[in-house]
Amino acid sequence: MLEAVRRWRERRILASSALPDALWREAVEALPFLAIYTAPELARLRERAVLFLNAKSIVGAHGFEVTPLMRVTIAIQACVLILNIGPHYYDGWQNIIVYPDEFVTNQEYEDEAGVVHRREEPLAGEAMSGGPVILSWPDVEASRDWSTAGMNLVIHEFAHKIDMKSGEANGSPPLPAEMSGAVWQGAMNEAYEHFCARVDQDEDTAIDPYASDSPAEFFAVLSEVFFAEPALLQTEYPRVYELFAQFYRQDPAKPAKLTLER
Ligand SMILES: [Zn+2]
C-alpha cells in the first residue's frame with residue numbers, strides 16, 4: 001500500500017476508534033517490560049494497538065471467549081515489535097486464534113531427509129507463514145511478566161511473523177536499506193553457532209535453550225529477550241543486541257529517558 005494512503009486510512013481509523021483508558025491502563029500495568037517507554041512512546045504504542053485491532057481479527061477457538069482485555073494484551077505486545085519499524089511487517093494475513101489451552105495442530109512438515117512428520121506435541125503458540133498466529137491464552141497470560149516466566153509468547157510468535165515477511169522463517173527478516181544482509185548473516189550465524197555449542201555442552205544458559213533449535217527460533221527467542229529482558233541480551237550477545245537495536249529501531253536496555261516534552 002502506498003504510504004500516503006496508509007497514513008490517510010490510519011488517521012481516519014484513529015479518529016473514530018479508541019481504547020478506553022481503564023482498559024489500556026489495566027493491560028499496560030500487567031506488562032512490566034513496557035516501563036522503559038516514555039509517555040510519547042506509550043501514546044504511539046496505543047495508536048498502533050488501535051490500528052492493529054482494526055486490521056486483525058482476534059478470535060477464540062473451541063468456544064473460548066476472547067475478552068477486550070485479552071485482545072488489548074495481545075495487540076500491545078504485537079505492536080511493541082513494530083513500534084518504530086511500521087505495521088507493513090504484519091501485512092498479508094488476518095487472524096489471531098486464541099485457544100483455551102495448549103493445542104495440537106494437524107500440520108505436517110518435511111524434514112531435511114524428505115520424511116514427512118506429523119507434529120503431535122502440544123504447542124503454546126504457532127505462527128503460520130501467510131496464515132494466522134495461534135496462541136494459548138494461559139501461556140500468553142503467564143508470559144506477560146518475564147521475571148516469573150523467563151519468556152514472552154506473544155513477542156516470540158510475532159517475531160516469527162516479521163521473519164516470515166521475506167518468506168519462510170529463517171532468522172533473516174527483510175532488513176531496511178541501510179542495514180547489510182551480509183553483516184546480519186555473519187553476526188547471527190556466529191552467535192547461533194556459539195549458543196548451540198553452549199547448549200550441546202549442557203551449559204545452563206540464561207537464554208532459553210530452545211533458541212538452539214534453528215536460526216528461526218534463535219531470532220524469535222532473542223527478540224523476546226531483546227524486548228522483555230534487554231540487559232540480558234546486551235550482556236550475552238552484545239553484537240546481536242546492536243543489530244536488533246538497528247533493526248527494531250529501539251534501544252530498550254538504555255534507561256528510560258527523562259521526558260522533557262511540553
Ligand atoms: Zn518459535
Side-chain angles (χ1 to χ4, degrees), residues 33 56 58 61 73-75 77-82 85 89-90 92-93 95-99 101-112 117-146 149-174 184-185 188-189 191-196 198-200 205-230 232-233 236-237 240-241 243-244 247-248:
F33 66 93
K56 306 293 183 202
I58 304 183
T73 300
I74 292 168
Q77 296 180 86
C79 290
V80 160
L81 291 96
I82 55 155
I85 62 175
Y89 276 96
Y90 293 154
W93 56 277
N95 297 312
I96 295 120
I97 302 169
V98 186
Y99 275 72
D101 215 327
E102 292 194 329
F103 53 90
V104 179
T105 50
N106 286 326
Q107 229 194 343
E108 289 183 336
Y109 67 99
E110 200 174 306
D111 69 17
E112 280 159 13
H117 301 265
R118 184 177 291 274
R119 204 176 270 141
E120 272 164 6
E121 77 275 27
L123 298 173
E126 186 165 29
M128 295 186 172
S129 188
V133 172
I134 310 175
L135 301 165
S136 144
W137 175 254
D139 292 270
V140 172
E141 196 169 38
S143 66
R144 286 183 298 192
D145 184 351
W146 180 277
M151 62 168 293
N152 183 297
L153 179 63
V154 178
I155 292 177
H156 182 101
E157 298 307 334
F158 282 85
H160 280 318
K161 273 298 189 189
I162 287 172
D163 188 0
M164 287 167 179
K165 193 74 175 75
S166 55
E168 288 302 309
N170 57 7
S172 296
W184 176 279
Q185 280 299 345
M188 291 300 288
N189 286 345
Y192 178 63
E193 297 297 332
H194 182 263
F195 187 72
C196 289
R198 294 168 65 191
V199 172
D200 284 346
T205 55
I207 293 173
D208 187 345
Y210 183 57
S212 68
D213 188 75
S214 64
E217 296 306 338
F218 192 64
F219 173 69
V221 172
L222 268 55
S223 290
E224 293 174 61
V225 183
F226 178 72
F227 287 107
E229 188 67 357
L232 174 62
L233 184 59
E236 293 264 308
Y237 290 103
V240 173
Y241 180 90
L243 285 172
F244 280 17
F247 175 67
Y248 287 115

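FYI, side chains are in, hydrogens and waters are out, and symmetry mates aren't considered; it's all heavy atoms of this structure. Whatever order the structure lists them in is the order used to number ligands and atoms, beginning at 1. Computed from a prediction, not measured in an experiment: that's the story for all the values here.
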Donor-acceptor contacts, no H, no angles, side chain residues 164-171, under 3.5 Å, sequence neighbours left out:
from   : atom 1 : to     : atom 2 : distance (Å)
Ser166 : OG     : Asp163 : O      : 3.2
Ser166 : OG     : Ser172 : O      : 3.0
Asn170 : OD1    : Ser172 : N      : 2.9

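Taking the six-membered ring where the residue is Trp, the centroids of Phe244 and Trp184 are separated by under 6.0 Å. Outside the 6.0 Å centre-distance limit, the rings of Phe158 and Tyr89 are not counted as a close aromatic pair.
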Exercise. Could you go step by step and tell me if Glu236 and Arg198 meet the salt bridge (Lys or Arg N to Asp or Glu O under 4.0 Å) rule?
Worked result: CA-CA 12 Å; Glu236 293 264 308; Arg198 294 168 65 191; 3.1 Å; yes
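Under 2.8 Å from the Zn ion (ligand 1), one finds the following protein N/O/S atoms: His156 NE2, His160 NE2, Glu217 OE1, Glu217 OE2.
Taking Glu217 as the reference, nothing meets the salt bridge (charged side-chain N to carboxylate O under 4.0 Å, His left out) condition, with sequence neighbours excluded. The ring-ring contact (aromatic ring centres under 6.0 Å, His included) check on Tyr237 picks up His194, with sequence neighbours excluded.
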